[in-house]
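A short worksheet on the structure shown next.
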Amino acid sequence: MKNEILELTRRLVAIPSVSPSLGENAVIDTLEQELRAAGVEILETPLRELPDGRRNLYARVRGQGSGCVLLSGHIDTVPIDDYARYASHGVSKEVAFDPDALAKILAPTFGEGFLFGRGALDMKGAVATCVTLMKRFAARPEALPGEVLLVAVCDEENASAGILRAGEFLRDYRRQEGVTFRGFINTDYTSPMHTDDPTRFAYLGTIGKLLPAFLVNGRVSHVGEPFYGLPATRLAAELHRRIELEPSLCEQAAGEATPPATALKLEDLKGHYDVQTPRQVHQYYNVFTFERAPSAVIHQMKEVAIAAFVAVIEELQEQRLRHAALTEQAPPPLPWKTRVLTLAELRDTVRRAGHDPDLVLATALAEHDDADERVACREAVRTLWEFLPAADEPGIVVYLAPPYYPGFATSDDTPLARAVHRLIERHRTHLPELVLRRFYPYISDMSYLAFPESLRSSIEDLKANLPGWGERYRLDLDTIADLDMPVVNLGPVGFDAHKDTERVEIEYSFGVLPGLIEELVIDTLRDA
């Protein structure tokens, strides 16, 4: 199978499918042609296309039995602008789609044994593996103890719209066909800890992601009288210092720890030059979770904001006194009070002041309908702040920006998990580097296939603290709860996904991994 998978991966990498774009459909078309030619059944109805015309691919092989295992991968990629740096080699950034040309540039540095190119690792090589396995199953359906359903999705690198639409399809498919979903095998990429690390990972579950955001409101002052104000930038800086890369904020579970929080946006909202300090700063952070509920993250971020606010007031008072001493003045204490509200609390305060916070938010979101979702949320929160009594006083609003990815671990008491444990045990002697972990460490479509307690317990907090929940930002929680299936990630190995040195290791990914996935599919179907 190795050469067949390798050549199909080359063909897929050559197809530009940067998300979101209709190039994604070109990959779907190629996969469909491959599968049809091998006699794999393509499920054409109902086809739930995205509003812009992009689509998923669903294909199946039916064996003997009512159990069904899902094989999945995404066909889109991140942009290729980073490849422009190879202009010194006489190539354009489109070299990202030419593995052979990239090998001439990169193999001298990284060695042989890799396939280079955008999507080679993340994750067209894995999709090629899934398609090749489907063809293999179709050649001998009588040997298959159940059904295998391939779900190739678009938009994973953008907003996961593909898997969310696939959820609707899977919900209806299970009811109409009367099958039992035994588990969802995702084949997204994995990476060792370092280049010489032989470890290969399987993950029974996935990491989650939240985007806690802060609207920091200061008191404006003239630069000649800085202590008459409270700089929003100072509050934001202290908040940033206490959040970014801070290990104490990480979640621990099953001997693992989430990566620390990182800032994805930190901006003052002053759009012009004058000699006054900025009134507002906006910032948001990528926060990973395992099984921690969104409500717990919101509470944690509020506590951090309170501590930052207190520290800034104390430091400003101390600095003001030291500055006053230079001219032998005796200034009064600074008047600032700590004020930190979650969006839910801001809603309640505005409501008590006689205004309808839901209407204010909805109107503001509608006015920014064409903006990036995070910008629209920011503007909605800014608008709501102005309805707050004493809105000119300093304060911080803590809220959640989209998107939200639940994190969870799959129970060991499921056919899929039992099959994963058996797979690792069977290969312990000749493949001891295959290791099981609980949480896939990168953001993944798997988040929308299960309904963990962390999500179940936080629905009201999500609605109250994420602007536009259910309108501007939608998650079909009923469908997610209806599916609620075990998941595993068992994927190719490589390095530098999302970078211009992206590469997939050929021998394991195309030579060893396909056999492991095939074993896992069959063993899961056999487990009643």
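On a predicted model such as this, the values are computed, not experimentally measured, just so you know. The figures here come from the full heavy-atom set of this structure, side chains too, leaving out hydrogens, waters and symmetry mates. We're numbering straight along the sequence, starting at 1.
Looking only at distances, a side-chain donor or acceptor of N25 sits under 3.5 Å from a matching main-chain atom of R55. The closest donor-acceptor contact from the side chain of R474 to the backbone of R472 lies at 3.5 Å or more, if one exists at all. With hydrogens and angles ignored, the 3.5 Å screen pairs a side-chain donor or acceptor of T414 with a backbone N or O of A417. Between the side chain of T258 and the main chain of E251, a donor-acceptor pair closer than 3.5 Å is present. For D52 (side chain) and S21 (main-chain N/O), no donor-acceptor pair under 3.5 Å exists by modelled atom type. Of the possible donor and acceptor atoms, none in the side chain of S447 sits under 3.5 Å from a partner among the backbone N and O of G407. Judged by distance alone, the side chain of S17 and the main-chain N or O of I75 form a donor-acceptor pair under 3.5 Å.
Remark: R165 pairs with no residue by the side chain to side chain donor-acceptor pair (under 3.5 Å) rule, at least two apart or across chains. Every residue two or more places apart in sequence or in another chain that forms a side-chain contact (heavy atoms from CB on, under 4.5 Å) with A101 is listed here: V95, D98. Take E471 and apply the side-chain contact (heavy atoms from CB on, under 4.5 Å) test, not counting sequence neighbours, and it matches A362. Evaluation of the side-chain contact (heavy atoms from CB on, under 4.5 Å) rule for A96 yields I80, Y83, R118 as partners, not counting sequence neighbours. Shown here are the ring pair (Phe, Tyr, Trp, His ring centres under 6.0 Å) partners of Y189, two or more places apart in sequence or in another chain: Y442. Remark: H430 pairs with H427 by the ring pair (Phe, Tyr, Trp, His ring centres under 6.0 Å) rule, at least two apart or across chains.
Residues A107 and E112 come closest through the heavy atom pair CB-OE2, 4.0 Å. Nearest heavy atoms, P145 versus R526: CG-CG, 3.7 Å. The two residues T289 and V297 make their nearest non-hydrogen contact at CG2-CG2, 4.0 Å. Closest of all the heavy-atom pairs between F201 and L490 is O-CD1, 4.0 Å. Residues V153 and A166 approach most closely at CG1-CB, 4.2 Å, considering heavy atoms. Here the closest heavy-atom approach between residue M134 and residue V61 is recorded as O-CG2, 3.6 Å.
Between V131 and L150 there is a side-chain heavy-atom pair separated by less than 4.5 Å. When side chains are defined from C-beta on, P441 does not count as touching P259, because their heavy atoms never get closer than 4.5 Å. Proximity of Y508 to L434: side-chain heavy atoms (C-beta onward) are separated by under 4.5 Å at one or more points. Residues N489 and T206 are not in side-chain contact: their nearest non-hydrogen atoms beyond the backbone lie 4.5 Å or more apart. Side-chain contact between N286 and K209: present, with at least one pair of heavy atoms (C-beta onward) separated by less than 4.5 Å. Annotation: side chain of V504 is in contact with side chain of F510 (closest heavy-atom distance under 4.5 Å). Using a 4.5 Å heavy-atom cutoff, the side chains of I15 and F97 are not in contact. Between P403 and R374 the shortest side-chain heavy-atom distance falls below 4.5 Å.
A salt bridge links E425 and R428; the closest N-O separation between the charged side-chain nitrogens and carboxylate oxygens is under 4.0 Å. Remark: R60 engages E41 in a salt bridge, criterion side-chain N to carboxylate O under 4.0 Å. Ion pairing between a basic and an acidic side chain is recognised when a charged N comes within 4.0 Å of a carboxylate O; R140 and E142 show such pairing. Ionic pairing of R136 and E4 is not present here: no N-O contact between side-chain nitrogen and carboxylate oxygen is shorter than 4.0 angstrom. Using a cutoff of 4.0 Å between basic side-chain nitrogens and carboxylate oxygens, D523 and R426 are scored as salt-bridged. Salt-bridge annotation for E291 and R438: absent, with no side-chain N of the basic residue lying under 4.0 Å from a carboxylate O of the acidic one. Between K499 and D82 there is no salt bridge, since no side-chain N of the basic residue sits under 4.0 Å from a carboxylate O of the acidic one. For the pair R10 and D100, the salt-bridge criterion is met [side-chain N within less than 4.0 Å of a carboxylate O]. Remark: E502 does not engage K124 in a salt bridge, criterion side-chain N to carboxylate O under 4.0 Å. Residues R54 and D76 are not paired through a salt bridge, judged by the lack of any N-O separation under 4.0 Å between the basic side chain and the carboxylate. Salt-bridge check for R171 with D482: failed, with every basic side-chain N at 4.0 Å or more from each acidic carboxylate O.
Note that CG of D445 is 10.0 Å distant from OH of Y440, once rounded to the nearest 0.5 Å. Remark: I163 CD1 to L170 CG distance equals 6.5 Å, nearest 0.5 Å. Annotation: the span from L513 atom CG to T129 atom OG1 amounts to 6.0 Å, rounded to 0.5 Å. Expressed to the nearest 0.5 Å, how far SG of C250 lies from CZ of R292 amounts to 8.0 Å. To the nearest 0.5 angstrom, L455 atom CG is 5.5 Å from L477 atom CG. Summarising the geometry, atom CD belonging to E267 is positioned 7.5 Å from atom OH belonging to Y284; distances are rounded to the nearest 0.5 Å.
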Practice prompt. Could you please spell out the steps behind the side-chain contact (heavy atoms from CB on, under 4.5 Å) verdict for V488 and T410?
Written response: CA-CA 8 Å; V488 67; T410 288; over 6 Å; no

Item to complete: Quick one: do R378 and H368 satisfy side-chain contact (heavy atoms from CB on, under 4.5 Å)? Show the steps, please.
Response: CA-CA 10 Å; R378 179 196 74 193; H368 296 87; over 6 Å; no

Practice prompt. Might you work through the side chain to side chain donor-acceptor pair (under 3.5 Å) test for D155 and H74, ending with a clear yes or no?
Written response: CA-CA 8 Å; D155 199 63; H74 69 83; over 6 Å; no

Worksheet item: Going through the distances and angles, do E156 and S19 end up as a side-chain contact (heavy atoms from CB on, under 4.5 Å)?
Response: CA-CA 8 Å; E156 192 268 358; S19 188; over 6 Å; no

Discussion item. If you apply the rule side chain to side chain donor-acceptor pair (under 3.5 Å), what do you find for S160 with Y405, and how did you get there?
Written reply: CA-CA 10 Å; S160 289; Y405 289 78; 2.9 Å; yes

Discussion item. As a quick check of understanding, evaluate side-chain contact (heavy atoms from CB on, under 4.5 Å) for F290 and I207, giving each step before the final call.
Written reply: CA-CA 5 Å; F290 288 149; I207 204 166; 4.1 Å; yes

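Shown here is Q252, whose CD atom has no more than 12 heavy atoms of other residues, nucleotides or ligands within 6.0 Å.
Taking the six-membered ring for Trp and thresholds of 30 and 60 degrees, F110 and F116 have ring planes inclined between 30 and 60 degrees apart.
Side-chain contact check for H421 and D412: at least one donor-acceptor pair (N or O, by modelled atom type) lies under 3.5 Å. Judged purely by distance below 3.5 Å, without hydrogens or angles, the side chains of T180 and S66 never pair a donor atom with an acceptor atom. Side-chain atoms of S411 and D413 form no donor-acceptor pair, as typed in the model, at a separation below 3.5 Å.
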